[in-house]
Amino acid sequence: MTNEMIKIFDTTLRDGEQSPGASMNTDEKIRIATQLERLNVDIIEAGFAAASAGDFEAISLISQKIKNSTICSLARATDSDVKAAGEAVAKAALKRIHTFIATSSIHMEYKLKMTPDEVIKRAVRAVQYAKTFTNDVEFSCEDAGRSDMVFMKEIVDAVINAGATTINLPDTVGFRLPSEIGMMVKEMSQYIKERAIISVHNHNDLGLGVANSLESILNGARQIECTINGLGERAGNAALEEIVMAIKTRSDIFKGLDTRINTKEIYPTSRLIANITGIEPQPNKAIVGKNAFAHESGIHQDGMLKNKSTYEIIRPEDIGLNMEDTLVLGKHSGRAAFRDKLLKLGFEIDEDNLNSTFERFKELADKKKDIYDDDIRALVTSEMTHIEKSYELVAMQLMDSTGGVPSAAVTIRHNSIEITDAGIGGGTIDAVFKTIDRVTGYNGTLLDYKVTSVSKGKDALANVTVKVMFNDNEPAIIGHGLSLDTMLASARAYIGALNSYLSMEGKLSQRSSCHEV
Ligand code: KIV
Ligand code: ZN
């Protein structure tokens with residue numbers, strides 16, 4: 001007997017991007033969408049087309065590139081939002097519009113200032129209009145977790161009659177317990193029957209996003225909205241990797257159910273998202289945290305040596321994690337071996353990117369004793385950017401700050417001309433960033449600065465993430481820099497943010513929030 005498939009609706013590029021500090025540029029979004037297709041997600045929510053010209057462009061480009069996953073754009077229940085969503089996904093092989101309006105009394109009264117009848121009319125109009133762009137239309141009752149069931153049945157009837165094919169019941173504020181969500185989904189599922197697919201979208205404010213999603217499946221939900229590494233608004237969303245692996249590992253409970261996810265792509269996808277956003281999963285995070293497969297205590301290690309099933313319910317290789325991942329390549333390895341390694345890690349790389357990444361690999365292999373798969377992943381992610389490098393760091397020199405004034409001398413190439421300048425600051429990072437500002441003429445405000453080590457060892461690569469605002473009227477930009485030298489990684493991250501900003505100039509009109517109508 002074949003299993004019934006639970007649809008995995010990934011919203012890393014939309015709800016996940018709403019995580020504080022997780023904004024991504026267009027090129028990064030395309031790379032993530034390509035990896036999500038490799039992971040085999042059913043639906044990719046690629047963004048919120050009406051939010052900004054940048055979001056619209058990213059969704060359109062993803063729609064043209066991805067062939068095997070449905071591409072979806074979010075839209076509030078207004079004509080202009082639905083139109084933007086419809087136009088953004090127009091070129092997708094498989095396309096969906098996801099429209100929503102709040103259905104809880106608290107949202108209708110205070111946020112929307114609309115009566116329930118007005119809300120139903122707006123929802124029906126949005127679904128009908130969305131149907132003129134695609135047959136595949138999803139409707140969400142925002143704040144379903146706190147909505148009245150009688151009213152939800154009324155609006156759900158109306159939107160199904162208008163053509164909605166998926167009904168999503170979000171626990172927008174992560175308020176419900178599994179037993180409550182289970183009851184809500186069961187009642188709605190018995191009410192809707194075969195008329196539409198029931199979906200859930202569970203936020204994690206009480207740490208119950210995954211538990212609520214699993215309970216929903218047991219009560220009739222057949223689509224789960226989730227994100228890689230559990231990214232999302234506030235405390236985040238239900239983590240895709242945890243839901244998928246729970247369904248697989250507990251097939252005794254989820255009898256006859258499965259997902260299409262290629263679980264061997266879970267770890268590579270998680271690393272890509274962490275490298276791009278600079279948001280590392282907590283070390284003890286289930287499935288993809290650094291310690292998820294580490295056995296510290298002697299008793300556990302002894303058990304593992306005797307039989308792995310004593311303490312291991314999932315094998316690392318099932319999620320694509322190679323525990324003995326020291327690279328056999330070294331400084332004498334050739335391009336062919338390097339390319340082969342990249343292919344094994346799932347990177348399809350063009351000649352230009354191969355050359356520049358190989359050069360950086362050689363520099364790294366000269367200085368670093370052990371090179372791990374995660375080093376290579378981080379290197380490729382940082383090198384494979386199609387953002388035009390308006391400014392390029394050529395050289396940097398730091399003066400000893402012990403007891404003196406921290407200062408930096410920086411040489412930057414712009415339009416084939418090299419400019420050198422020096423400056424001082426309150427600390428070394430401050431001196432480097434202020435000097436870059438002097439050379440480029442852009443004055444950035446640093447909102448966040450983070451450094452993580454990529455793999456292990458004292459000689460680990462430093463991955464620096466900065467969040468910089470170059471213009472008070474425009475959103476902050478994220479930049480990343482990778483180097484064995486933390487200061488160099490910092491300068492690269494700052495210049496990367498500036499290049500990203502310049503590539504997006506004009507498309508960065510202030511993003512509208514998807515939580516207002
Ligand atoms: O949390 C939420 O309610 C949402 C909807 C827009 C689906 O993200
Ligand atoms: Zn959400």
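Note: hydrogens, waters and symmetry copies are ignored here, and every other heavy atom, side chains too, is used. First listed ligand is number 1; within each ligand, the first listed atom is number 1.
The salt bridge (charged side-chain N to carboxylate O under 4.0 Å, His left out) test with Asp42 singles out one residue from Arg222, Arg260, Lys7, and that residue is Arg260. Just one residue in the list Asp374, Asn322, Asp373 forms a side-chain hydrogen bond (donor to acceptor under 3.5 Å, both in side chains) with Tyr267, and that residue is Asp374.
In this pair, His201 and His203 present their aromatic rings tilted. The plane angle is within the 30 to 60° band.
Near Asp15, with a cut-off below 4.0 Å to any heavy atom, the atoms of ligand 1 are 8 (O). Every atom of ligand 1 is numbered from 1 in the order shown, and the set under 4.0 Å from a heavy atom of His203 is 1 (O). Residue-ligand proximity, Glu142 to ligand 1, at heavy-atom distances under 4.0 Å covers atoms 3 (O).
Residue contacts with ligand 1: Glu225 is placed with no nitrogen or oxygen under 3.5 Å of a nitrogen or oxygen of the ligand (distance criterion only).
Minimum-distance N/O/S atom of Asp15 relative to the Zn ion (ligand 2): OD2. Summary: NE2 is the N/O/S atom of His201 found nearest to the Zn ion (ligand 2).
Val185 and Asn219 make their closest contact through CG1-O, 3.6 Å (heavy atoms, listed as atom of the first residue, atom of the second, distance).
In this structure, His480 NE2 and Met24 CE are separated by 9.0 Å, a value rounded to the nearest 0.5 Å. The distance from the CD atom of Gln64 to the CD1 atom of Ile30 is 9.0 Å, given to the nearest 0.5 Å. Atom CD1 of residue Ile429 and atom OH of residue Tyr494 lie 11.5 Å apart, to the nearest 0.5 angstrom.
Proximity of Arg14 to ligand 1, defined as any heavy-atom pair under 4.0 Å, is confined to the side chain (atoms from C-beta onward).
Look at His98 and you'll find a heavy atom under 4.0 Å from some atom of ligand 1.
The distance from the Zn ion (ligand 2) to the nearest N/O/S atom of Glu225 is not under 2.8 Å.
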